[in-house]
Amino acid sequence: MPLRFYNTLTQEVELFRPLEDNLVRMYTCGPTVYNYVHIGNFRTFTFQDILRRWLKYRGYQLNHVMNVTDVDDKIIAGAAREGKSIADYTAVYTKAFFEDAATLRLQQPEHVAPATKHIAQMVDAIEKLSAHGSTYTNDGSTYFRITTFPEYGKLSHNDFSGMKTGARVDVDEYDKADARDFVLWKARKGDEPYWDTPFGAGRPGWHIECSAMAMAYLGETLDIHAGGIDLVFPHHENEIAQSESITGKSFARYWLHSEHLHIESQKMSKSLGNFYTLRDLLGQGYAPEAIRYLLASVPYRKKLNFTFEGLKAASKTIERLRDFELRLTSTKLPRGRNDAIAERSAQAIRAFEDALDDDLNTAEALAAIFEYVREINSALDAGEFREENRWDAAKVLEVFDSVFDVLKPSETTGAQADSLSDAEIEKLVTERNQAKKARDFARADAVRNQLLEQGIVLEDTKEGVRWKRK
RNA sequence: GGCGCGGUAGCCAAGUGGUAAGGCAGAGGUCUGCAAAACCUUUAUUCGGCGGUUCGAUCCCGCCCCGCGCCUCCA
């Protein structure tokens, strides 16, 4: 079965076909850099990374744009609190975000677009909307009038046709003619940062930034627009209203939304205060790969309940895969190739591909890998696995890791960094072997314990000693 | 109230109209000087509840119960 995605717009799983050949134009909503993002946010970014990697695996060329919102109410407030310019203030969190993303092995989009670097594009978009008759102004702010866009609500599947008009609702300290109208340009207030424009001094509303930047980089119609499920309404609905009012064309063909990460059955969020940052978890000794695995292992349209038990399970699971990889490379094998195993390996890859083609069903893809691992372990036990099958199995792991990217341990830090070198370990292992040969088990055990204290685990196998860092 | 998602073993979780993937934990075993590590085996007569359709439903329909999200900034 070919690649399929669930499209929020149609509420159906659809075959994926880009507009143009094998080029995928993709836009994803990035962070607002007013603080460290939490792992709930990273659940979405990890989903986007899996999506990126799978599209590339399937041979598509990507043009992926991610925005960085670096001017908004929280940023202005935070910068004022610290007596910094918004540029200085957001630089800290922007840097932190990309460091964290790299730690989680998230691939960089082809373009990262900070809002403040694209004010001209936003001004241009607002002028076009104004010319189109979609806007009105009030106290120096410019608003989008949603009654000018009859399809408003088509993404979130809300019916606004019977809504009240004319009611004045004070939201966000700006007066709007209609509760559902949204601000395109906020009038300058007090000491807040501002830009001069033909429609007055001020700063952009949030929604216009994505419409303006997406179209600036990717053209009038995107293939994929992705983000967290909470952005469906109003953010993405508003993007559609703005963009399609300007172009008269479909803004994005496939809308993909990831479910939230929950903690104690509630979504993780800054305002609820129930969040962990990546740095919190790393500080508790969890490996980035374990966090990445946990975030990726639950299919993106399912709520993911974050627990430390789950994080520990993820750590163990990765260890199992690494043990398998180690066994594959370290075991002495008879010459030749077992064709059944070669075929089984190809079949594992097909099952893995089928699962991810099916709207990125990562849980099923992982199941395909683990079934394979178990069967190959048995084949190794039975002596059925031969020298040339190494390549078959390595290929399976390579395909797996091209998407999940958890096999390679992260750079060790702190205590482990100044641990023993490989040569030192080998020397002690040899020493222990000699002691064992001499039946000096006390000495052998002493060496074993010494290594264990340094985080080195010895495995006595039929073919001798294998060691690994814990 | 409107829109949407979900309730599958101790925990996480896939899935199909024909009688339940996978991971973690638990139990047993193989290996071993003893261990450890690793590996293997095993663990739901049952899929929130009640009806209905069907030869047959966890999977389709209806009702109910429970949890969650959006409707305001939000991944």
Side-chain angles (χ1 to χ4, degrees), chain A residues 8 11 28-32 34 37-48 69 72-74 153 156-160 162-163 169 171-172 179-180 182 206 226-235 237 257-262 265-272 275 293-294 297-307 309-321 323-324 326-327 351 355 358 361-378 380-382 436 439-442 444-445 448-449 452 457-462 465-468 470:
Chain A
T8 306
Q11 300 181 297
T28 58
C29 290
T32 300
Y34 71 100
V37 308
H38 57 65
I39 56 165
N41 300 310
F42 273 121
R43 199 262 169 121
T44 291
F45 298 125
T46 302
F47 144 65
Q48 290 165 1
T69 301
D72 91 320
D73 292 356
K74 286 173 184 159
S156 54
H157 305 283
N158 282 315
D159 181 6
F160 296 116
M163 58 181 277
V169 181
V171 178
D172 201 20
R180 306 288 175 177
F182 55 91
W206 178 37
I229 194 164
D230 53 339
L231 298 186
V232 173
F233 188 88
H235 185 52
E237 198 73 75
H257 292 100
S258 56
E259 253 294 354
H260 286 140
L261 180 143
H262 280 215
S265 296
Q266 279 194 311
K267 77 164 180 170
M268 185 174 281
S269 79
K270 298 263 173 64
S271 49
L272 291 170
F275 65 92
Y293 182 93
L294 180 65
S297 62
V298 176
Y300 77 95
R301 286 200 295 129
K302 300 283 260 189
K303 295 177 183 76
L304 191 169
N305 191 33
F306 175 85
T307 62
E309 193 184 351
L311 188 50
K312 284 172 192 144
S315 308
K316 289 291 220 173
T317 302
I318 291 171
E319 218 175 296
R320 173 132 186 264
L321 293 169
D323 286 334
F324 177 68
L326 182 63
R327 187 177 185 192
D358 182 12
N361 190 336
T362 48
E364 199 170 296
L366 289 168
I369 296 301
F370 285 107
E371 281 178 62
Y372 175 78
V373 167
R374 176 168 37 75
E375 287 176 35
I376 297 304
N377 270 320
S378 295
L380 281 159
D381 287 342
K436 276 177 73 179
R439 303 198 68 76
D440 180 0
F441 295 123
D445 290 353
R448 183 169 72 196
N449 289 333
L452 191 60
V457 180
L458 299 188
E459 295 182 19
D460 289 333
T461 73
K462 285 174 206 137
V465 181
R466 186 161 73 197
W467 60 268
K468 65 181 181 183
K470 193 70 177 162

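Nothing here was measured: the structure is a model prediction, and the numbers come from that model. Per chain, numbering begins at 1; letters A, B, ... match sequence-line order.
Within 4.0 Å (heavy atoms only), A:Lys74 reaches at least one base atom of the nucleic acid. The residue A:Gly227 sits close only to the backbone: its heavy atoms come under 4.0 Å of sugar-phosphate atoms, none of a base. Across all strands, A:His157 comes closer than 4.0 Å only to sugar-phosphate atoms, never to a base (heavy-atom distances). Within 4.0 Å of A:Asp460, counting heavy atoms only, lies at least one base atom of the nucleic acid. As judged by a 4.0 angstrom heavy-atom cut-off over every strand, A:His235 is placed among residues making no nucleic acid contact. Nucleic acid contact for A:Ser258: none, since no nucleic acid atom lies under 4.0 Å from a heavy atom of the residue. A:Glu319 comes within 4.0 angstrom of sugar-phosphate atoms only, judged by non-hydrogen atoms across all strands, and of no base.
If you check B:C63 for Watson-Crick or wobble pairing at under 3.5 angstrom, you find it paired to B:G49. The base-pairing partner of B:U42, taking Watson-Crick or G-U wobble contacts with both distances under 3.5 Å, is B:G26. When Watson-Crick and G-U wobble pairs are counted only if both distances are under 3.5 Å, B:U58 pairs with no nucleotide at all. Base pairing of B:C73 is not made with any nucleotide, judged by Watson-Crick or G-U wobble geometry with both donor-acceptor distances under 3.5 Å.
Within the 4.0 Å cut-off from OP1 or OP2 of B:C40, at least one side-chain nitrogen or oxygen of A:Asn377 is found. Within the 4.0 Å cut-off from OP1 or OP2 of B:A36, not a single side-chain nitrogen or oxygen of A:Asn449 is found. Residue A:Arg374 places no side-chain N or O under 4.0 Å from the OP1 or OP2 atom of B:C40. A close approach under 4.0 Å does not occur between any side-chain nitrogen or oxygen of A:Arg448 and OP1 or OP2 of B:A37. Contact annotation: A:Lys302 side-chain N/O to B:C12 OP1/OP2 distance is not under 4.0 Å. Distances shorter than 4.0 Å separate none of the side-chain N or O atoms of A:Lys303 from OP1 or OP2 on B:A13.
The existence of a salt bridge linking A:Arg466 and A:Asp323 is excluded, since no basic side-chain nitrogen approaches an acidic carboxylate oxygen closer than 4.0 Å. By the 4.0 Å N-to-carboxylate-O rule, A:Arg448 lies close enough to A:Asp445 to be salt-bridged with it.
For B:A38, its base never sits under 3.5 Å from the side chain of A:Arg320 at any donor and acceptor pair. At a cut-off of 3.5 angstrom, the base of B:G33 holds at least one donor-acceptor pair with the side chain of A:Asp445.
Comparing B:A13, B:A75, B:G4 by their closest approach to the side chain of A:Thr44 singles out B:A75.
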**OP:** Mind running side-chain contact (heavy atoms from CB on, under 4.5 Å) on A:Phe306 and A:Leu294 for me, showing each step along the way?
**Re:** CA-CA 8 Å; A:Phe306 175 85; A:Leu294 180 65; 3.8 Å; yes

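Between A:Leu304 and A:Glu259, the closest side-chain pair of non-hydrogen atoms is not below 4.5 Å. Using a 4.5 Å cut-off on side-chain heavy atoms (C-beta onward), A:Leu321 and A:Ile369 make contact.
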